[in-house]
K.L.:
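Have a look at the structure that comes next, please.
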Amino acid sequence: MDVVSVIVTTGKYFVDPIKKHCGYLFHYNSNIKNLEDRIGNLHAKIDGVHLKIEAAKRNGQVILPVVERWVEKARNIFDEDAEANKKGLDGWCPRYSLSRKAKKKTLEIDVLLNDGQFSEVSSPPPPLGIGSSSIKGIMDFESRTKMRKEVLEALRADKVNMTAICGMGGIGKTTMAKEVAKRAKDDKLFDEVVMVVVSQNQDLRNIQVHIAEMLGLQLVEENPLVRAERLNNRLSMDSKSVLVILDDVWDALDLEAVGIPYGGQHNRCKILLTSRSEEACTQMKTQKIFLIKVLSEEEAWNLFREMAGNCIDTPGLHPIAKEVAKECGGLPVAIVTVGRALENKSEFEWSAALQQLKNAIPKNISGLDSKVYSSIELSYSYLKSDEAKSCFLLCCLFPEDYDILIEDLVRYGVGQRLFAKIDTVAEARNRVHAMVKNLKRSFLLLGSEKGEEHVKMHDVVRDVAISIAENKGFLVRCKEIMEEWPEKDSCERYTAISLVTKELKRHPDGLECPKLELLQLVCKTLPLNLFKGMKGLKVLSLFGTSFPSLPQSINVLQNLRTLQFVNCELTDVSAIGALTKLEILSFSASKIRKLPGEIGNLNYLKLLDLTGCSDLEGIPAGLLSSLSHLEELFMIGVPLKIWEPMEGNKEEEEEEVNTSLAELMSLSHHLMALKINIPNIKVLPKDLAFKYGTIKFQIVASAYKQERWGNFREYLFKNLLGIAGYDVSDITKSRTLLQLLKKSEILMLGNIKDLKNIVYELDKEGFQCLKVLEVRWNNVEYVMDATSDQNPHAAFPTLESLKLMDLPNLKEIYHLQFPERSFSGIHSQLACFGKLRSISLYSCKCLKIVFSLSIARCLVQLQELDIRLCNDMEECFHMEGEDEKELDMIMFPQLTSIHLGYLPILIGFCTGVGPIELVQPSLNREAGRIGTNEVTNLEKLKMTDIQQHTGPFPESTPIISHKLFSSNTILWALNLENLKLNKADSLEVVFDLEGLKANKDHQRIAVLAQLKTLEVKNLFELTYVWKNVPLGIQGFQKLTSIEVSNCHRLRYLFPTSIAKLLVELQSIKIEGCDAIENIVQRDGEEEATDIILFPKVSSLILRELPNMMSFCIKAYSFEWPSIEEIYLDCCPKLKTIGSEIQSPRKSKKINRELDSRPNEHELGSPGFHWRCLECVPRHKNYGLMAVSDQGTTNKSQRSYSVKEKGTLSKPNDPKFGDSNNPSEIWSLFPSHIIECLKNLESIELVNVPSPEVIFQLEELNVEESLMAPVLDQLRNLILYELDNLMHIWKKGPERITGFGNMRFLNVDKCNSLTYLFSPSIAKLLVMLEEIRVTHCGKIEEILARVREEEEDKDVLFHKVNLILLSDLPNLKCFCNEANALEWPTLKKIIVEGCPSLSTFIPSNLNTPKLEGVYERRTCHWKGELNSTIEHIYKGKEKQANPRETISYRTSRYGRNISFQRPNQYR
């Protein structure tokens, strides 16, 4: 039985694998079929996800990282499949191999399809920032600079929670608040800054929404108490400090009702008010109130000069201008408005203005100086036309701080007949936008963050405008709740009324308003007889109103020309048909199910707006065609079924038949603007001829319901045509579409079947009007195929943006067969793409170049170049036979941004230009790991010697070194500001400056002098960022940020000659670069005492650099006067910041610089060097190679020997013996570095095991006079996995001061640390709030004993509120001496896994706010701290019990730092 069992078991080991592998042969057909099905499913899934992504992007959403990663994985699946097809099948049985790979690939796709079930693909965009002041330069005045500093100082004060800026209207409170917000954010005084306008009518819900939006918080609750609580919780987060700016506060605001935390316990949230009322600020218990004063006489005059221009310098005008400026009273709003109003005016006009200012009798407006009123009134009176004045006054009808849609001003003006000699709505729109532009230039109106179609009015200007408008019969009221209709007894005198309220409790029975021409109402309901006494009404605009049917009294409005329903709920609007004079009718974003046929009676209707009517189900047939004067039709956002025939019996339900686009035929002679989206291009009339050549249209025809192009609320639009999901033959058969193609300014094509050549298949004239071309998901081969048998037209002469996405078959953008240097070819090319500003290419996998140089020569307006996921892209621009003398003509003077990503075979910007560095192809890969000198030495070896290597030597055809920019091409984009490189696997050098030429004056040209940001990621072959840097180079001086990651052959970042140029550099981030040893490498013969100054670097982030040893191996001195943040993660060899040689007590320290010029006797044999390169591993362990960087000299040579297995060992050098000298003490921050880190705020160290000391204080430069505080801005210190750390602070001078702002101290897994700080250091930590110590096996006490030389004095922890002690097996007490007795704010102590802990401090403690001691989810308290500790650990085993590891902190850079404790302790 046992034998049989063994045989059966043994057999299974053989049979099962055989069965499995035979299965690949037996199931060959089904495996292949399953794979084909899955590939089809995956293609469909990718297309669907793409549609959602594009829709989200158009709505300004941010695509989720998990979605982007999924799309990348899906694309890689197809890339791998294509690569496998190229390579073919190896092995004894192609069917077996194919079946096996198909099965494996099917399983991979199944996983992808399962992972791709996204409920959403995007998230809301980051919160909006706070805009800057529109008056430039005013904040540089001394009076404003002084106040700004004082306000910022108050915000820094710990005991001040609320600050206010008070002053009269127009004095600059909001401008000051915005400047303070900007400085506070820049100085990292707060993590978040939010600003909201409160205004006279306090709308708590609106205030909550605005604050939440700026915080990125969604408030969906309706209950105001719940909303307030959620907002309070968000603003009270301990991890974030927030500044809340409440602008324009008129009366005391109930902060609790809003949800804004306030009081001593909420010191992480501070409040800044601006108000005209000092009393309101006092009622809100504001602790610091700053009264902002008028500008000094000199400041006022300087601002006035800037506004009024040079005309005031003429002798006759100068004294008058001085008096006018004086009349403005130093008020910025007055100065700006008057100055702009009188700019370039005659002396007579200046004199008249001065007299008007002196004689002005302004109305009494609360909080508004009379000079402000008179100056704004003067600016109003100097407007050039009555039309402009009327337009200005219309803006005061809207609520304070409202984003006014300019289209509303257009429609109100048309209805009131405000514009002379205007025949069409389009003409009125152009005139209004021109007037608004002039009003903004005069500072009577302000720009809006919503874009050019919106405008805002300053609250002070609005007050004056309302005052002026009241004299012209305007009534403007904005209040959350109104008891009754205001001023109802005097309605007969009003010409315009605007009421904005959420609730009007009592409606009037009837109003007699014989003069009323304009009525704007924002309210929910209307009385039936409201319009009875308004027979002269010309404009009626209703917002947010709900009613089943229009009031019957609307029939009396026979003079009404403009009727707007915005966000209204409507059922029966058939009464509109009686308003026969109506010219503008809008149902924008309203809920209406069907348009009544009575609308067809409106013979004078010029504009019909149904934008966003998503509930609309039907438009009666014949309605549109009956509108004989219709000029503009807006129907974007209307359901597509509107254009489809309704189901049912047509004879019986004739009235139910929907409209069709054929009705547009009757409108074509007068239609001037059309915005529609349709379900199918076949519903378009085949021949729709528009009379007006200037017709504006946005037509989207998509077979995909999710597809939406165009902006709903856009009325100054460009001609847009979007077509997706159809055959090219369907397009070419439609005369209407061909006509629209010729007139289109924006063309978007998606998944057009059989489209190969865009220009000659869609518009043989070459798209003469096109400005934006976007093509995706097509089989297009050429954008323009100018073959010899087709006479090439000058295509795309006005094209500004070219975006090509997911075009797998695209071979060339511009294809030309005949010689490019022929006359006709050159002529047509020069006319093509001459205005192109942006090129975006995504996933065009067959495209090898963007353009040839003959086309590139024309791209003088190119601003942005973005190329990603183009697998065959070799170079951006290709040189084909061009004369090298003509290369100097290649310039991209406006190119500011280049982004190149996922281009695996990219070898340069333009490879045929510049000095050619030849490298043997067989050595090219290996030479990429070594410097220029090593390559030179390799080239010096005789070929016969190298060929002694066993085996055949590879073909010796030389190839070009792969560099993005050569010394020639780098001069083509002198104004480049942003450069991003990612996954360009073949690039070896970014900037190769060999042969950089001087200009005609023998001055070296400044190289990339405008470059601001540089990102280099995942360039696996990159060996140099900068190479062959010539002496005396100039350039790169504006570089502010550099980020390098996953460049595993890169051994250093900056040559010293480059580092010294980077005077504007603010951020350095390097991560995942396995070979990097130093950040800065010497590249010349500079003196060792040279200082490398980084005057503006504020952030230094180094992550996952396994061979990083120091900042610079040479004896340079580094200074960091502006650095605020240092983050080091996984740098196991890093011992010090700065240079190794400079660090104290290291005179015998090894110089690890490797040999760059090996001596012949070290080679062993002529073929030795080749064998060395062969035996070096090809993965990421480059730190052991016997090579060096280009700046190495013979003075620092080191030699290595080679072991049998190909590893390098150290030679017998006595200096190597000192590397492990136990007497050496490595300090990460030596004293000379500490002295220059005056602004450092945060230090985070993770897995940096080499340093034994963090802060070396022993050798600080202490003079007799009081020394400056050390690291006095440091707030956060986080230490994690520092294996050799013995001291955080190493003994310093007795008189040391500093560390006075440290808030948080976190120490985890530092297993050589025996204590945290000494009493002399603890006394300095007066602001410390949290102490967290976890997983430190040797720690015995937190506060060490007093040393003999230290003064014995009590340590007071005034601010500490949390102490966490976890997994400290040898911890015996917090301190062994009774010298830490006062803990006035301590709330919580958490103790876990400290079995040796017997007492906290050997004395009674004062802990008035202590809740208790938490251990394992339980709060313990025995009346006194020491007794509680003793109770917890009495009788417990002297070892920590294993528990669940809970993350207590997530590093901002992605690493979870953990300790073992319950969730409730968070």
K.L.:
Relative to each other, are the rings of F909 and F965 parallel, tilted or perpendicular (30° and 60° limits)?
P.N.:
tilted

K.L.:
Minimum heavy-atom separation for F851 and L859, please, with both atom names.
P.N.:
CD1-CD1, 3.9 Å

K.L.:
Indicate yes or no for a side-chain donor-acceptor contact from K45 to the backbone of G116 under 3.5 Å, with no hydrogens or angles considered.
P.N.:
yes

K.L.:
Give me the atom names and distance for the closest heavy-atom approach of E714 to Q698.
P.N.:
OE1-NE2, 3.2 Å

K.L.:
When you look at I758 and L755, which way does the side-chain contact (heavy atoms from CB on, under 4.5 Å) test go after all the steps?
P.N.:
CA-CA 7 Å; I758 292 175; L755 179 63; 4.1 Å; yes

K.L.:
Judged by atom type as modelled, is there a donor-acceptor pair below 3.5 Å linking the side chain of S734 to the main-chain atoms of I731?
P.N.:
no

K.L.:
Have a look at L900 and tell me which of D866, L906, L841 forms a side-chain contact (heavy atoms from CB on, under 4.5 Å) with it.
P.N.:
L906

K.L.:
Counting N and O atoms only, with roles assigned by atom type, does the side chain of E745 sit under 3.5 Å from a partner on the main chain of K718, one being a donor and the other an acceptor?
P.N.:
no

K.L.:
Quick check against the 3.5 Å criterion: does E765 have a side-chain atom that pairs as donor or acceptor with the backbone of K742?
P.N.:
no

K.L.:
How long is the span from the CG atom in L847 to the SG atom in C870, to the nearest 0.5 Å?
P.N.:
6.0 Å

K.L.:
Apply the side chain to side chain donor-acceptor pair (under 3.5 Å) test between E1021 and each candidate in H1048, R1049, H962; give the one that qualifies.
P.N.:
R1049

K.L.:
Mind checking what makes salt bridge (charged side-chain N to carboxylate O under 4.0 Å, His left out) contact with K803, not counting sequence neighbours?
P.N.:
none

K.L.:
Just verifying a value: how many Å separate L720 CG and S744 OG, rounded to the nearest 0.5 Å?
P.N.:
7.5 Å

K.L.:
For N978 and T1013, which heavy atoms make the closest approach, and how far apart are they?
P.N.:
OD1-OG1, 2.6 Å

K.L.:
Step by step, work out the side-chain contact (heavy atoms from CB on, under 4.5 Å) result for M805 and W777.
P.N.:
CA-CA 7 Å; M805 300 181 296; W777 310 318; over 6 Å; no

K.L.:
Take D754 and N779 through the side-chain contact (heavy atoms from CB on, under 4.5 Å) test and state the conclusion after the steps.
P.N.:
CA-CA 7 Å; D754 295 329; N779 292 320; over 6 Å; no

K.L.:
Hey, is the main chain of R837 close enough, under 3.5 Å, to the side chain of Q863 for a donor-acceptor pair?
P.N.:
no

K.L.:
List the residues meeting ring pair (Phe, Tyr, Trp, His ring centres under 6.0 Å) with F767, not counting sequence neighbours, and say none if there are none.
P.N.:
F796

K.L.:
Could you tell me which non-hydrogen atom of M748 sits nearest to which non-hydrogen atom of I746, and how far apart they are?
P.N.:
CE-CG2, 3.9 Å

K.L.:
Has D110 got a side-chain atom pairing as donor or acceptor with E108's backbone, closer than 3.5 angstrom?
P.N.:
no

K.L.:
Can you name the nearest heavy-atom pair linking S702 to Y726, along with the distance?
P.N.:
C-OH, 3.5 Å

K.L.:
Please walk me through it: do D806 and R776 pass salt bridge (Lys or Arg N to Asp or Glu O under 4.0 Å)?
P.N.:
CA-CA 5 Å; D806 294 286; R776 57 188 172 189; over 6 Å; no

K.L.:
Quick one: which of V1044, D1074, I1070 gives a side-chain contact (heavy atoms from CB on, under 4.5 Å) with L1050?
P.N.:
V1044

K.L.:
Using the ring of F717 (Phe, Tyr or Trp, six-membered ring only), decide whether K675 places NZ or CZ under 6.0 Å from its centre and within 45 degrees of its axis.
P.N.:
yes

K.L.:
Classify the ring geometry between Y814 and F833 as parallel (under 30°), tilted (30 to 60°) or perpendicular (over 60°).
P.N.:
perpendicular

K.L.:
Rounded to the nearest 0.5 Å, what separates atom SG in C769 from atom CG in L799?
P.N.:
12.0 Å

K.L.:
Distance check, rounded to the nearest 0.5 Å: N751 atom CG versus D727 atom CG?
P.N.:
9.5 Å

K.L.:
Shortest non-hydrogen contact from C876 to I867?
P.N.:
SG-CD1, 4.1 Å

K.L.:
Judged by atom type as modelled, is there a donor-acceptor pair below 3.5 Å linking the side chain of N757 to the main-chain atoms of D785?
P.N.:
yes

